[in-house]
2 protein chains.
Amino acid sequence: MSFESMPYKDKKVISIGIVRELTGLSLRQIRYYEERKLIFPDRNEKGTRRFSFSDIEKLIEIANKREEGVQTQEIRKEMKKETKPIEKKMLKEMLRGQFNAHFKNNKLM
Amino acid sequence: MSFESMPYKDKKVISIGIVRELTGLSLRQIRYYEERKLIFPDRNEKGTRRFSFSDIEKLIEIANKREEGVQTQEIRKEMKKETKPIEKKMLKEMLRGQFNAHFKNNKLM
DNA sequence: CGTGTAAGGAATTCTGACACG
DNA sequence: CGTGTAAGGAATTCTGACACG
């Protein structure tokens, strides 16, 4: 199942009210950080936001930075650097997936 | 943080609507399986249910058993057997925690 | 810039009950 | 036994806007 293969940490299943409880941030703050492209919750069909545990961890980091007086713009820049290696890893895995699919189709199936 | 120390899998943070999406079960079915003591979602202050990924996995198992015609009573019995070892493990860890706390308080603090 | 708040509407969730079987 | 459904109420979430600064 695709459900099993994805780590729970990145599944977008948490509503904004719970995120508020878990982070201590206000709804306004959470929505604003999305507006500033610091987090990227999914939306369900009717438009309500769905967050992952990763989003929550990110929000906790953001809250800490904000307490230090760092502006959202700066935080976004810092986060870009940090997520780059992850993107590279993802890309690598995607390529491997493509390769495997290709191999399967031509040699085994 | 206590947040970090607990695996995401067991955090009760998912609302019943998402559980329905993820399991394909109806709200009625999910609530009924709780009534029959097959799952144990938390409740927030206002009484709305909060499920964990573990609950969702359990529900998928339950759905499979039900398709085979197994009654909820039977499913509960089967699940009791399966969760016993986990309870033992938890108990062991709790005891170790108590021991460590005791040791710390008397010898180190 | 970052956050609070009141506003109105839409969608969610809850419980207890009746239905069928 | 297991599930559907209509009912009424309460709580959630959404957006765009005004406020302050």
Side-chain angles (χ1 to χ4, degrees), chain A residues 11-80, chain B residues 11-80:
Chain A
K11 293 281 284 181
K12 306 269 187 176
V13 295
I14 306 174
S15 63
I16 196 167
I18 306 242
V19 175
R20 184 203 51 205
E21 286 174 28
L22 261 31
T23 62
L25 295 167
S26 70
L27 303 183
R28 185 68 163 100
Q29 287 174 311
I30 297 166
R31 291 180 186 132
Y32 182 67
Y33 299 150
E34 179 191 21
E35 190 186 319
R36 300 310 312 274
K37 314 259 187 229
L38 300 182
I39 49 170
F40 304 91
D42 276 359
R43 301 287 183 129
N44 71 0
E45 328 74 50
K46 286 135 191 172
T48 68
R49 274 166 270 252
R50 301 300 180 206
F51 301 79
S52 66
F53 284 111
S54 295
D55 291 326
I56 287 170
E57 290 186 357
K58 237 174 173 179
L59 281 169
I60 290 170
E61 280 184 53
I62 293 166
N64 290 334
K65 296 280 171 65
R66 285 291 305 126
E67 274 180 27
E68 294 167 21
V70 185
Q71 292 194 338
T72 56
Q73 192 188 173
E74 294 304 319
I75 298 173
R76 191 175 55 231
K77 282 180 200 167
E78 292 172 31
M79 302 241 272
K80 256 185 196 167
Chain B
K11 293 282 283 183
K12 305 269 188 178
V13 295
I14 307 175
S15 62
I16 196 166
I18 308 244
V19 175
R20 185 204 50 207
E21 286 175 28
L22 262 31
T23 62
L25 295 167
S26 71
L27 303 182
R28 184 68 164 99
Q29 287 174 312
I30 298 165
R31 291 180 186 133
Y32 182 66
Y33 299 151
E34 179 191 20
E35 191 185 320
R36 299 310 312 272
K37 314 260 188 233
L38 300 181
I39 50 170
F40 304 91
D42 275 0
R43 300 287 183 129
N44 72 0
E45 327 75 50
K46 286 135 192 171
T48 68
R49 274 167 269 252
R50 301 300 180 207
F51 301 79
S52 66
F53 285 112
S54 296
D55 291 326
I56 288 168
E57 292 187 356
K58 237 174 173 179
L59 281 169
I60 290 169
E61 281 184 54
I62 293 166
N64 291 334
K65 296 279 172 64
R66 285 291 304 127
E67 276 180 25
E68 294 168 22
V70 185
Q71 293 195 338
T72 56
Q73 192 188 172
E74 293 305 319
I75 298 174
R76 191 176 54 230
K77 282 180 197 165
E78 291 173 31
M79 303 241 272
K80 255 186 197 166

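These numbers come from the heavy atoms of this one structure, side chains and all, not from hydrogens, waters or symmetry mates. The chains referred to below are lettered A, B, ... by the order of the sequence lines, with proteins before strands, and numbering in each begins at 1.
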Can you give the donor-acceptor pairs under 3.5 Å from side chains of residues 67-77 of chain B to other protein atoms, not counting sequence neighbours?
unit_1, atom_1, unit_2, atom_2, d
B:Thr72, OG1, B:Arg36, NH1, 3.0
B:Arg76, NH1, B:Arg36, O, 2.9

Q. Is the shortest heavy-atom distance from the side chain of B:Leu38 to the side chain of B:Lys58 under 4.5 Å?
A. no
**Q.** Whole-Å gap separating P (C:dG4) and CZ (A:Arg20)
**A.** 12 Å
**Q.** Separation of B:Lys37 NZ from B:Met79 CE (nearest 0.5 Å)
**A.** 13.0 Å
Q.
For B:Phe40 versus B:Lys12, what's the shortest heavy-atom pair and its separation?
A. O-NZ, 2.8 Å
Q. Taking DNA chain D as the partner, which of residues 41-49 of chain A come within under 4.0 angstrom of it by heavy atom?
A. A:Arg43, A:Gly47, A:Thr48, A:Arg49
Q.
With the threshold set at under 4.0 Å for non-hydrogen atoms, list the residues of residues 65-73 of chain A touching DNA chain D in residue-number order.
A. none
Q: Figure out the CD/C1' separation between A:Gln29 and C:dT3, and round it to whole Å.
A: 7 Å
Q: Provide the closest heavy-atom pair for B:Ser15 versus B:Arg50 in the form atom of the first, atom of the second, distance.
A: CB-NH1, 3.6 Å
Distance-only donor-acceptor hits, side chain of residues 16-27 of chain A, under 3.5 Å, sequence neighbours excluded:
unit_1, atom_1, unit_2, atom_2, d
A:Thr23, OG1, A:Val19, O, 2.7
A:Thr23, OG1, A:Leu25, N, 3.2
A:Ser26, OG, A:Gln29, N, 3.1
A:Ser26, OG, A:Gln29, OE1, 3.4

**Q.** Euclidean distance, B:Asp55 CG relative to B:Arg49 CZ, rounded to 0.5 Å
**A.** 12.0 Å
Q) Under the side-chain contact (heavy atoms from CB on, under 4.5 Å) criterion, do A:Ile39 and A:Ile62 qualify, and how do the steps go? A) CA-CA 10 Å; A:Ile39 49 170; A:Ile62 293 166; 4.1 Å; yes
Q | Euclidean distance, atom CG of residue B:Leu27 to atom C1' of C:dG16 [Å, nearest integer] | A | 16 Å
Q | Atom-to-atom span, CZ of A:Arg28 to C1' of C:dA6 - whole angstrom | A | 13 Å
Q: List in numerical order all residues of residues 30-38 of chain B for which some heavy atom is under 4.0 Å away from an atom belonging to DNA chain C.
A: B:Arg31
Q. Once Watson-Crick and G-U wobble pairs under 3.5 Å are found, how is DNA chain D written in dot-bracket notation, 5' to 3', with | for any base paired to another strand?
A. .||||.||.|.|.||.||||.
Q: Could you state the atom-to-atom distance from CZ of A:Phe51 to P of D:dT12 in whole Å?
A: 15 Å
Q. Which nucleotide sits closest to the side chain of A:Ile16: C:dA17, D:dC14, C:dG4?
A. D:dC14
(Q) Strictly below 4.0 Å: does B:Ser15 bring a side-chain N or O up to OP1 or OP2 of C:dT13? (A) yes
